[in-house]
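The structure displayed is predicted, hence computed values, not measured ones. Each chain gets a letter, A, B and so on, in the order its sequence line appears, and its residues count up from 1.
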There are 2 protein chains.
Amino acid sequence: MTAQLASEPLTRSVEDYLKAIYRLSAEGAPVSTSDIADLLGLSAPSVSGMIRRLSEQDLLEHAPYRGVLLTAAGRRVALRMVRRHRLIEAYLVKFLGYSWDTVHDEAERLEHAVSEGLIERMAEALGNPRFDPHGDPIPDSNGAMDELVYTPLTDIPAGETAEIRRVDTGQAERLRYLEQAGLTPGTRVAVRRHEPFHGPITIAIGAGERVIGHELARQVLCVRPEIR
Amino acid sequence: MTAQLASEPLTRSVEDYLKAIYRLSAEGAPVSTSDIADLLGLSAPSVSGMIRRLSEQDLLEHAPYRGVLLTAAGRRVALRMVRRHRLIEAYLVKFLGYSWDTVHDEAERLEHAVSEGLIERMAEALGNPRFDPHGDPIPDSNGAMDELVYTPLTDIPAGETAEIRRVDTGQAERLRYLEQAGLTPGTRVAVRRHEPFHGPITIAIGAGERVIGHELARQVLCVRPEIR
DNA sequence: CAAAATAGTTAGTCATGCCTAAATTCGACG
DNA sequence: CGTCGAATTTAGGCATGACTAACTATTTTG
Ligand SMILES: [Mn+2]
Ligand SMILES: [Mn+2]
Ligand SMILES: [Mn+2]
Ligand SMILES: [Mn+2]
């Protein structure tokens with residue numbers, strides 16, 4: 001066991017810091033002060049101050065001038081917030097008519113206010129989904145999450161077919177564009193042509209054809225149909 | 001118009017203070033520092049300090065040593081919070097399986113985190129209800145609310161019938177008792193007998209009979225059937 | 001390899017919102 | 001009408017979490 005019994009509730013700030021650090025830790029490398037500051041839109045000294053408080057609470061380890069790493073306790077908190085955020089997004093889209101480009105901001109606030117009980121009721125109402133509306137995986141209540149590896153649409157060869165599973169952007173304008181283009185998780189697309197030098201991709205969805213810029217297409221993550 | 005254009009968001013504390021003061025203003029009389037402190041579970045000096053800040057923001061008027069009164073702006077905020085709180089309670093009971101004795105705490109936190117848009121979607125999903133699960137009226141989005149006058153169960157004469165409309169307690173144990181006794185808004189009861197000296201009341205609900213203590217019965221608010 | 005550029009930390013400030021202890025005001029009552 | 005007690009406010013302190021300015025460590029580069 002790792003302490004953490006009957007601690008007082010964490011603040012919204014603390015929860016958002018830990019979530020941000022978790023997200024930036026993708027590569028397992030230490031996370032820099034300035035990366036946290038950029039992601040959260042804060043000054044570097046503010047982040048330095050919070051890092052000191054969080055390391056005193058054993059939520060992360062700080063090597064001065066080197067960066068921070070979450071402890072097991074810190075990662076637990078972060079994964080709890082990720083679960084909350086993504087379940088809330090899924091709930092708002094499924095039951096309250098939210099569009100996938102507007103759910104993020106609402107979830108960013110609600111994730112700190114819902115009780116454990118409410119989250120589990122929402123999960124149940126949704127049928128314990130494994131993915132949120134953007135295809136992001138939802139950790140289970142123990143923090144376990146299947147991190148699947150997908151293929152960017154840019155890497156699907158011309159002539160092949162793929163199914164969209166996830167979109168890797170939070171920008172509302174991009175999400176709106178992708179939605180009206182029909183490029184949402186679950187959709188099948190056939191890749192027609194790649195223009196050279198990172199040029200656009202021509203795809204077929206259902207009846208019509210579309211041309212998608214390379215940069216955006218790189219954020220559209222797919223699986224290729226099983227080869228058997 | 002009363003200013004209030006593009007003000008920065010109010011904090012959770014500020015919203016709870018204004019809601020508390022609104023609730024204590026029922027009689028139109030100024031609200032005392034100690035009443036606010038008691039209701040919110042804070043020390044009197046903390047309340048004095050907040051009163052100063054709120055009056056600087058023109059959310060209330062403070063006559064030192066005399067008490068406070070909400071301004072129009074303060075009342076607007078308070079009614080917005082009451083609307084949120086009661087709609088959230090109704091939503092959690094109707095769609096997420098909450099019981100009426102557990103919704104309050106959840107709503108107390110969520111009321112500060114939901115956006116105007118989410119509240120209106122929840123209201124719509126509920127069919128724009130006029131009352132929450134406890135029978136408390138829900139202000140409309142302009143802050144208008146029908147404050148009906150009900151008759152306490154203790155004032156229904158023996159031999160008469162009444163319909164329960166509202167319960168005037170927030171205590172979870174009382175709410176649980178009332179629910180299992182069948183004394184919830186919408187239920188019809190027949191009053192059989194009043195014991196003297198503020199003694200218990202015997203009532204009939206559907207098939208069975210029950211005896212209810214006077215103090216609790218006073219919190220069960222009813223209407224008598226139309227006389228025509 | 002030393003200087004410049006970049007990144008990070010420290011120092012000091014501020015607003016919010018809570019607290020306790022001390023001072024003040026008000027109203028009641030003798 | 002003065003005194004006593006309750007209510008209220010003031011004074012002072014603390015944690016959180018933000019900021020800017022100044023300093024320091026690290027990295028890059030001529
Ligand atoms: Mn957040
Ligand atoms: Mn998402
Ligand atoms: Mn509240
Ligand atoms: Mn209620």
Side-chain angles (χ1 to χ4, degrees), chain A residues 6-21 24-25 27 29-70 74 77-78 81 108-109 111-113, chain B residues 6-21 24-25 27 29-70 74 77-78 81 108-109 111-113:
Chain A
S7 59
E8 66 228 30
L10 301 170
T11 65
R12 178 179 171 170
S13 278
V14 166
E15 291 175 337
D16 280 338
Y17 269 92
L18 294 172
K19 192 156 59 91
I21 294 164
L24 293 168
S25 307
E27 311 308 313
V31 175
S32 74
T33 298
S34 47
D35 283 353
I36 302 169
D38 286 353
L39 185 58
L40 296 177
L42 300 172
S43 71
S46 300
V47 174
S48 268
M50 181 61 91
I51 283 172
R52 187 174 36 70
R53 289 193 295 269
L54 294 178
S55 66
E56 279 162 10
Q57 293 181 254
D58 291 312
L59 293 166
L60 49 78
E61 305 233 53
H62 181 212
Y65 293 97
R66 284 282 125 86
V68 298
L69 283 176
L70 292 180
V77 173
M81 297 316 295
E108 199 55 58
R109 278 173 288 105
E111 62 189 2
H112 312 288
Chain B
S7 59
E8 66 229 30
L10 301 170
T11 65
R12 177 178 172 171
S13 276
V14 166
E15 289 175 338
D16 280 338
Y17 270 91
L18 294 172
K19 192 156 60 87
I21 295 164
L24 293 167
S25 308
E27 312 306 315
V31 175
S32 74
T33 299
S34 47
D35 283 353
I36 302 169
D38 286 353
L39 185 57
L40 295 178
L42 301 172
S43 70
S46 299
V47 174
S48 268
M50 181 62 89
I51 283 172
R52 186 172 36 70
R53 290 193 295 268
L54 295 178
S55 66
E56 278 161 12
Q57 294 182 253
D58 291 312
L59 292 166
L60 50 76
E61 305 233 52
H62 182 212
Y65 293 98
R66 283 283 129 81
V68 299
L69 283 176
L70 293 179
V77 173
M81 297 317 295
E108 198 56 58
R109 278 173 288 105
E111 63 189 2
H112 312 288

- prompt: Between C:dT16 atom C1' and B:L40 atom CG, what is the distance in whole Å?
  reply: 16 Å
query: B:V14 has a side chain; which of D:dT8, D:dC19, C:dG17 sits nearest to it?
result: C:dG17
- prompt: When we call it a touch if two heavy atoms are under 4.0 Å apart, what does A:R12 touch: a base, just sugar-phosphate, or nothing?
  reply: nothing
message: Please determine whether the number of non-hydrogen atoms from other residues, nucleotides or ligands lying under 6.0 Å from atom CD of A:E27 exceeds 12.
response: no
task: Determine: side-chain N/O of A:S48 to OP1/OP2 of C:dT10, distance under 4.0 Å, yes or no.
output: no
task: Look at all strands and tell whether A:S34 reaches a base, only sugar-phosphate, or nothing, counting heavy atoms closer than 4.0 Å.
output: sugar-phosphate
- prompt: If you count the non-hydrogen atoms of other residues, nucleotides and ligands that lie under 6.0 Å from CD in A:E61, is the total more than 12?
  reply: no
query: Tell me: CD of A:E8 to P of D:dA15, nearest whole Å?
result: 12 Å
field: Close side-chain approach of B:Y17 and B:V68, heavy atoms under 4.5 Å
entry: no
- request: Apply the test side chain to side chain contact (heavy atoms under 4.5 Å, CB included) to residues B:L10 and B:H112: give CA-CA distance (whole Å), side-chain angles for both, the deciding distance (0.1 Å), then the verdict.
  value: CA-CA 9 Å; B:L10 301 170; B:H112 312 288; over 6 Å; no
- prompt: Quick one: is D:dA18 close enough that its OP1 or OP2 comes under 4.0 Å of any side-chain N or O from A:Y17?
  reply: yes
field: Any B:H62 side-chain N or O less than 4.0 Å from OP1/OP2 of D:dT9
entry: yes
task: Quick one: pull up CE in A:M81 and CD in A:E15 and give me the separation to the nearest 0.5 Å.
output: 4.0 Å
query: Looking for any heavy atom pair under 4.0 Å, which part of the strands does A:P45 touch: base, sugar-phosphate only, or nothing?
result: base
field: Within-4.5 Å side-chain heavy-atom neighbours: A:V47 and A:L40
entry: no
message: Without decimals, in angstroms, what is the distance between B:E56 CD and C:dG17 P?
response: 12 Å
query: Side chains of B:L18 and B:L59: does their closest heavy-atom pair fall under 4.5 Å?
result: yes
query: Please give, in whole Å, the distance from C:dT16 P to B:E15 CD?
result: 15 Å
task: Write down the distance between CZ (A:R53) and C1' (D:dG17), rounded to a whole number of angstrom.
output: 5 Å
message: By the definition side chain to side chain contact (heavy atoms under 4.5 Å, CB included), identify the one residue from A:L42, A:T33, A:V14, A:L60 that meets it with A:M50.
response: A:V14
- request: Let me know the distance between CD1 of B:I51 and P of C:dG17, rounded to the nearest Å.
  value: 14 Å
message: What's the closest nucleotide to the side chain of B:S32 if the choices are C:dC19, C:dG8, D:dT8?
response: D:dT8
field: Euclidean distance, atom OH of residue B:Y65 to atom C1' of D:dG5 [Å, nearest integer]
entry: 14 Å
message: Under 4.0 Å, counting only non-hydrogen atoms across every strand here, what does B:T33 touch: a base, just sugar-phosphate, or nothing?
response: sugar-phosphate
- prompt: Quick one: is B:S46 getting a side-chain N or O under 4.0 Å of the C:dC19 phosphate, OP1 or OP2?
  reply: yes
task: Quick one: label A:R52 by what it contacts on the DNA or RNA (base, sugar-phosphate, nothing), any heavy atom closer than 4.0 Å.
output: nothing
message: Regarding A:S13, tell me which of base, sugar-phosphate or nothing describes its non-hydrogen contacts under 4.0 Å with the strands shown.
response: sugar-phosphate
Short heteroatom pairs, N/O only, protein and nucleotides 3-5 of chain C, under 3.5 Å:
none

statement: When rounded to whole Å, the CD1 to C1' distance for the pair B:I36 and C:dC18 reads 16 Å
